[in-house]
Amino acid sequence: MDKPQWPSMRGNGAAKPAARAPKKAAAPKPVLRFTNISAASTEAKPLAPRGAALMPRGAAPMPSNAAKSPPWQAPRGQPATLKPHNAPRADRKPPGGWTESAPVAAARAPAKWRGVVRDTPVEFPFDPYACQLDFMDKALGAVDAGTSAILESPTGTGKTLCLLVSTLAWAKRHAPAQTAKADHGGPPPERRAVVYASRTHAQLSQAVKALRASSYAPRVAVIGSREHLCGHSVVKRLRGTAQNKACRALCAARGCSLRNELDKQLKARKGEDFGDVALDIEELVDDGKRRGTCAYFGARANLKDADLVFAPYNYVLDERHRATSGIDWRGTIVVLDEAHNVASVAEDAASFELTAADVGGAARELDHCVDALGRMQLKASLDAKDGGLDAELPSEEGLLQLKRVVLGLEDALGRVACPTKDPEGGAAYLEDRGGRLHELVLHPAGLTCAAAAEWFASGLRGAADVLAGDGDEASKNASAKLELLERATRLAFRGQLSVPGADAPPAGGDDAKELGDAYYRVHVSEGGGDAPAALCYWCFSPGLAVSELLALGARSLLFASGTLSPLPSFAAELGLRKPSVLENPHVIDAATQLYAAVVGVAPSARPLKSTWAVRSRPEYKADLGAVVARVAAAVPRGGVLVFFPSYGAMDDALSAWKRTGVLDDIERRSGKVVLSEPRKAADMKAVIRSFDAAAAPGAPGALLLAVCRGKVSEGMDFADDRCRCVVVTGLPYAPARDRKVRGKRSFLDDKKRQNRDGLSGGAWYDQQAARAVNQALGRAIRHKGDFGAVLLCDERFASRGKRAMLSKWIDDSLKTPATFQEAEDGLRAFFRGNGLGGGAAVAEAKREAKSAFVCSSRRGPDAPDPGKRDSGDAFDDIHQFMSRTRDDAKRGRSPPAPRAPTQRERAGGALLAAAWRRRRRRRRRRREYSSDYG
């Protein structure tokens, strides 16, 4: 067993005492700044020993040898006592009831700043910026008041660290009161846990790194899916429902050795925490492999006593996952980072789409279930211990009743009258408020109340379990339509039916029809040709998920992102009333580190306006290509990101540039490698590798064509030379005639007529485009020392309404040059001011460096590696230069004066030096061969 690691506090002795050093003069005690931003006062205080409790103002300090100190926090000058690995949990709790995780505490950074924010003592790993203090002040104000907050802070301002530090500080401060209340036999105290959610596990890993940079060491739990955490050799290769069912069946039969070993070790520890706490998904998996236990259930074993829970969005916003997550939501502080994704994730999790073919497929799956039921009943009778099911087998009569309802749904769907003709020439459709779903489809099929829907949904789930437990090859993965129909039924009666796997009974919420009218839109399209009739039940209000979280007892919801503007419309969309709002400036000096301009005119003096009708014109594509070529040439080095409104717009422009020679002109003018964002995520890694190689210092530079809302615009860090300029070629509006977009706009317009303070469909439509632009612009500046340029190549960005939707840090610095030449001159001056040159000489050097590196975006997959290509031309240049130098020396001429290396020499230096070393090695081998065998 690995030796346990424990916190090494200042003043603790080491395991092996070192030889005493000669006594030196006492160094002055380190001093840190102690700020109370509420009182606007600052004072200097000696740095407290690491691990010492932070005392509130006016409180008497606790003696260093107080008896309440934990056994491993020895007084200064005395050796620390190593805590046994299986010591009781009480021994690991510092005073006040705050539980600390040993592995985190061992690796945590010391606090270099301590202050009081909103009467809450806060420790920070460095002196916070003013915008970080404002951020923590707003967050703590909302948590104190038990309200919600919308916090926008640009990328690079440390919002993740501020969120973790402020919420954990508040939870730590309030932990003693809840412990004392529990000790005196009062009612169960309200938990003070923090649930930190983000869209992906990769973003959660970034939050884990921020936690490790702080001085806080809470008990941490991570919620993950079986897809990421399962270690069983067979089950981990499955996906979705099949994986979940296989895991449940295996655990019910005690057939998973990993789960059995986990239960054994947990039982041996008598309910204590399960050893070292792994923070992110990779650590959980590695920890499970080391112990030979199940990482999925091991992570959930830490939930009960966790102070901080990391979870993906779906475990917070999706009712099904939230009910089965095991999180006690009472009194929790819920942090939703990257919150610009919250609305779409919440709406998608609460919506469904069904076709007549799906309903007919469910009827056929019930027929398969009847056949499988006979085989399973025979198997169960032969082996009474087996059955492989979590519940009793359904009856054949029950399956036939289910089929009658399914056929009734199919018949009702086909009878819906669709009076509206599609303007795009598609099938006619009916669109109405969500409550009409019950009148049109559910009631005619017999689902007239919550009790009938509960019977139907539970029966579909039991039938799907029969197919999953059947060993026949034809039954494998044969329950997809049943599961889809079960989910649709539960969403149609949301809040009134029990959630499978949840411990709590149904909440008994509002009437399903009333809830549908308030949050949903129903869309039915009639079948025609090869297209079957379709039923869509779309949730168009993310406020439903927000209201459910608050109903579960969450204390405060904190929505944070770098791109939430415009904030009033974001609050209206989520249904938040009077939330705390913050729109932070950037930490950079915008006057010197940011160049932002609206380029509304092309070099040809024609206006740039990327509307759907204009962007298909040849003259617009030529003008846009000229703008991109001259901007890329004006950026001396590094990467340039060019964002298009959609993949179609990018592909159309790229094909036109190739056909007319504009692409060659871009490469010739700028000397940069031109790449484009692929549609498939699997191809993205290869493109990014090529981009990084070309954008690296000394390389020719890279230009990446990308798409707003795509893979490049979010989740990738383009710091420093990886991105020196961002170009946005237009407003990325969603397709106006898309049926879902039309439905959302119509839904919001109806709500606007009922409530004048609501968000209109047109305002939402503009907001979505602006938010996608803000997300793309965030790639330009990634930290305090970074600098870059932002160019908005569409004259519509100059209007007051469009500027108001941009992030504050962009809008405050946005310029509107009258001509393209003025914008280009300002761009070149900006880079010269930041120590980067420009001009024709640099472009020529880049082209030659590009030739030396043999970097090309059109290199075929079978071409040899660029680093191994012949560099004879570049080597011959150096060789000729050396020969001329030797000739000059023989003739008595003085050598040239030392000078700084040119851009070309810097770009190709590494490659040429390697070629020179290879040639010298070849010559040496030839000499050795001649001497040995000559």
Side-chain angles (χ1 to χ4, degrees), residues 35-41 54 56-57 96 98 115-124 128 130-153 159-181 187-197 216 218 307-309 316-317 327-337 339 342 542-543 545-561 564 567-584 757:
T35 306
N36 187 335
I37 70 170
S38 303
S41 60
L54 182 62
R57 285 181 182 271
W98 176 265
V116 175
V117 182
R118 293 271 181 165
D119 298 326
T120 299
V122 175
E123 300 180 8
F124 215 69
C131 65
Q132 291 174 332
L133 287 172
D134 292 341
F135 192 97
M136 291 188 288
D137 179 72
K138 281 288 184 181
L140 286 170
V143 175
D144 266 336
T147 59
S148 300
I150 300 175
L151 310 169
E152 183 184 69
S153 192
K159 61 179 179 296
T160 300
L161 180 62
C162 291
L163 285 168
L164 289 169
V165 165
S166 57
T167 53
L168 291 175
W170 189 93
K172 183 174 182 178
R173 176 192 171 205
H174 289 79
Q178 82 173 44
T179 305
K181 189 175 182 180
E190 189 181 64
R191 292 188 68 218
R192 304 299 186 187
V194 178
V195 177
Y196 189 99
Y216 292 93
D307 304 303
L308 174 63
V309 179
V316 178
L317 302 175
I327 300 174
D328 183 1
W329 297 95
R330 293 173 301 166
T332 57
I333 304 168
V334 181
V335 178
L336 293 152
D337 201 0
V342 164
V546 173
S547 62
E548 288 176 342
L549 274 174
L550 294 175
L552 288 172
R555 177 183 180 86
S556 182
L557 306 181
L558 306 181
F559 301 88
S561 176
L564 294 179
L567 302 190
S569 61
F570 182 79
E573 189 178 8
L574 294 178
L576 300 175
R577 296 184 177 181
K578 297 182 180 180
S580 299
V581 174
L582 174 68
E583 198 169 4
N584 246 346
D757 296 332

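Residue indices begin at 1 and follow the sequence shown. None of the values given here were measured: they were computed from a predicted structure.
- To the nearest 0.5 Å, atoms OG (Ser556) and CG (Leu140) are separated by 10.0 Å.
- Scanning all heavy atoms of the two residues, the minimum distance from Ile150 to Phe570 falls at CD1-CD2, 3.7 Å.
- The main-chain N or O of Asn584 is never found under 3.5 Å from a side-chain atom of Ser153 such that the two would form a donor-acceptor pair.
- When side chains are defined from C-beta on, Glu583 counts as touching Leu567, because their heavy atoms get closer than 4.5 Å.
- Note that CH2 of Trp170 and CG of Asp119 are 13.0 Å apart. Values are rounded to the nearest 0.5 Å.
- Between the NZ atom in Lys138 and the CD atom in Glu152 there is a gap of 13.5 Å [rounded to 0.5 Å].
- Atom CG of Leu151 sits about 10.0 Å away from atom CZ of Phe559, to the nearest 0.5 Å.
- Atom CG of residue Leu550 and atom OG1 of residue Thr147 lie 10.5 Å apart, to the nearest 0.5 angstrom.
- When atom types are taken as modelled, the side chain of Asp307 and the backbone of Ala193 share no donor-acceptor pair closer than 3.5 angstrom.
- Counting all heavy atoms, side chain and backbone alike, Leu564 lies closest to Ala339 at CD2-C, 3.8 Å.
- Put simply, the side chain of Val546 does not reach to within 4.5 Å of the side chain of Val342, judged on heavy atoms.
- Listed by chain and residue number, nothing satisfies the side chain to side chain donor-acceptor pair (under 3.5 Å) test with Ser580 (two or more places apart in sequence, or in another chain).
- With a 4.5 Å cut-off on side-chain heavy atoms, Leu164 and Cys162 do not count as touching.
- Val334 has its side chain out of reach of Tyr196: every pair of non-hydrogen atoms, C-beta onward, lies at least 4.5 Å apart.
- Side-chain contact, Asp337 with Ser561: no donor N or O sits under 3.5 Å from an acceptor N or O.
- Residues satisfying the side-chain contact (heavy atoms from CB on, under 4.5 Å) criterion with Leu552, sequence neighbours excluded, are Arg322, Trp329.
- Without hydrogens or angle criteria, Arg555 side chain to Asp144 main chain gives a donor-acceptor distance under 3.5 Å.
- Note that CE of Met136 is 10.5 Å distant from CG of Leu163, once rounded to the nearest 0.5 Å.
- By the side-chain contact (heavy atoms from CB on, under 4.5 Å) test, Thr167 is found to be paired with Val194, Ile333, Val335, Leu558, residues two or more places apart in sequence or in another chain being considered.
- Scanning all heavy atoms of the two residues, the minimum distance from Ala142 to Ala149 falls at CB-CB, 3.7 Å.
- A heavy-atom distance below 4.5 Å is not found between the side chains of Leu557 and Leu574.
- Here the side chain of Tyr216 pairs no donor or acceptor atom with the backbone of Phe124 at under 3.5 angstrom.
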